[in-house]
Amino acid sequence: MRRTVRRILLSVFLFALLAGVGGFYLLLQERALRQAASEARILLTSALAIREYTTDHILPKLSRLPEEEFHEETVPSYAAQTVFRAVARTYRAYTYREPALNPTSPADLATPFEVELIRRFRADPALDEISGIRATDTDRLFYLSRPIRVTQERCLACHGTPDRAPPAMVAKYGSTAGFGWRMGETVGIQILTVPLTEAMKGSLELVGLLGLGLALVFGVAYVALTLSLDAMVVRPLRALSSAASAASQSSDTRRPLPKSGAGEIRDLAEAIERLRTSLGKALVQLGGRGGSRGASLPGREGG
């Protein structure tokens, strides 16, 4: 019985420990992803604000400069990416890019991973956002991407045909890259990455502390329960079994019965004590009757 109870307790404790730790880990992982997604959206909104500021305030002023020079600062994507490159010098996992399939600058050429995202946006014009987790050699990153679609005619002034583009831009970047864009076309994406490794490590540390705490609580509870069961159930039942076995095989009524244990065990001990007393009296009475019969037989023979 003791082994059976211990197996049951260990099984329950192990199941509860695994379920508790596993559920807590999944909860923390989900929480880390939600935080990363929220942070990415805030940063992407900041990038859009930089683009808007460049379009509304920088471009009108720099457009008054001589057309013989091309100023990259007038390009909204250049301004946003330059700001985030400065951020990435301190926080390397935070990146912002605006890659395209046919960009003007070679630095904005889409990688194979980014090309796949662009193709997904092209295949589904109603798709406005793609997010997920991407593993690198040194980190795990949460990425958030949105499509860059040609929605304004002024975009085609620089990316339609080379003859319409500013001569200074053509002279700097050439007449083969960054042209041929069409209205409504998905030409690239905005993609922002946020690190997940530290958040994941923090989740694992919390899960480890929780698992250690649960194991400690379960260990104390296991020892307390097994000792209690042994003192209140197992040993009293063993004594009762021994006394009942002795009473059934002989007239020994001297073996003590347990006075401790659970209430039901004590009630059972008292019942067995009464039964043993009754059995002893019955045996005495039967022995007396047998002696009387044996004594009368010689008297009859002598008469």
Side-chain angles (χ1 to χ4, degrees), residues 28-59 61-62 70-121 127-150 155 158-159 169 172-174 177-178 181 186-205:
L28 288 177
Q29 293 287 88
E30 181 64 24
R31 183 168 175 262
L33 288 177
R34 287 199 305 268
Q35 288 181 342
S38 176
E39 188 176 5
R41 287 188 172 87
I42 292 173
L43 293 175
L44 188 55
T45 302
S46 301
L48 296 176
I50 296 171
R51 288 174 58 94
E52 185 177 352
Y53 176 82
T54 303
T55 301
D56 296 340
H57 298 279
I58 304 300
L59 181 59
K61 296 183 183 300
L62 294 183
F70 178 72
H71 301 279
E72 294 175 326
E73 291 77 11
T74 61
V75 181
S77 64
Y78 175 83
Q81 292 185 85
T82 301
V83 170
F84 273 86
R85 276 196 293 269
V87 174
R89 284 197 291 268
T90 305
Y91 303 99
R92 295 183 179 180
Y94 290 86
T95 64
Y96 173 76
R97 277 174 46 82
E98 295 190 13
L101 297 177
N102 181 23
T104 300
S105 173
D108 295 330
L109 184 64
T111 64
F113 173 74
E114 294 165 342
V115 168
E116 181 61 29
L117 293 178
I118 295 173
R119 288 176 177 171
R120 290 177 61 182
F121 282 118
L127 188 61
D128 293 327
E129 184 176 285
I130 298 176
S131 62
I133 300 175
R134 184 186 179 196
T136 64
D137 294 336
T138 59
D139 211 343
R140 294 185 67 191
L141 304 174
F142 176 86
Y143 67 88
L144 178 66
S145 62
R146 292 175 182 172
I148 297 177
R149 296 187 174 102
V150 181
C155 296
C158 294
H159 299 286
M169 188 189 82
K172 184 172 183 177
Y173 293 104
W181 294 11
T186 300
V187 295
I189 57 172
Q190 297 171 305
I191 181 168
L192 190 142
T193 63
V194 174
L196 272 178
T197 302
E198 291 302 321
M200 297 296 183
K201 286 182 180 178
S203 298
L204 289 175
E205 290 175 359

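Bear in mind the structure is a predicted one, so any value in this text is a computation, not a measurement.
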Taking every heavy atom of D128 against every heavy atom of F121, the minimum-distance pair comes out as C-CE2, 3.8 Å
Open item on the list: For a 4.5 angstrom cut-off between non-hydrogen side-chain atoms, does L33 reach I133?
Closed with: yes
> Under the 3.5 angstrom rule, does the side chain of S38 hit a backbone N or O of R34 as a donor-acceptor pair?
Replying inline: no
Original post:
Counting only N and O atoms by type, is there a donor-acceptor contact under 3.5 Å from the side chain of R97 to the main-chain atoms of L109?
Top reply: yes
| Is the shortest heavy-atom distance from the side chain of I148 to the side chain of E98 under 4.5 Å? | yes
Of Y96, Y94, Y91, Y78, the one forming a ring pair (Phe, Tyr, Trp, His ring centres under 6.0 Å) with F84 is Y96
Query raised in the report: V187 versus L101: any side-chain heavy-atom pair under 4.5 Å?
Result: no
Separation between CZ (R146) and CG (L117), nearest 0.5 Å, reads 14.0 Å
In this structure, CG of L43 is separated from CG of L192 (nearest 0.5 Å) by 5.5 Å
dist Q35:CD -> L196:CG (nearest 0.5 Å) comes out at 10.0 Å
Taken to the nearest 0.5 Å, the spacing of S131 OG from R41 CZ works out to 6.0 Å
Smallest heavy-atom separation, L141 atom then P195 atom, equals CD2-CA, 3.9 Å
When rounded to the nearest 0.5 Å, the distance separating CD1 of I50 from CD1 of I58 is 11.5 Å
The reported gap from CD1 in I42 to CD in E39 (rounded to nearest 0.5 angstrom) is 7.5 Å
Worksheet item: Under 3.5 Å, is there a donor-acceptor pair between the T82 and R85 side chains?
Response: yes
Q.
Is any side-chain heavy atom of I191 closer than 4.5 Å to one of P99?
A. yes
Check your understanding: Would Q190 and L48 satisfy side-chain contact (heavy atoms from CB on, under 4.5 Å), going step by step from the backbone distance to the final call?
Key -> CA-CA 10 Å; Q190 297 171 305; L48 296 176; 3.1 Å; yes
Exercise. Is the number of heavy atoms from other residues, nucleotides or ligands within 6.0 Å of CZ (R120) greater than 12?
Worked result: no
For V194 and A36, the nearest pair of non-hydrogen atoms, with its separation, is CG2-O, 4.2 Å
*Just by distance, do the side chain of T193 and the backbone of A93 share a donor-acceptor pair under 3.5 Å?*
yes
Between P76 and T54, the two heavy atoms sitting closest are CA-CG2, 3.9 Å
(Q) Quick one: does any side-chain atom of N102 pair with a main-chain N or O of G178 as donor and acceptor, under 3.5 Å? (A) yes
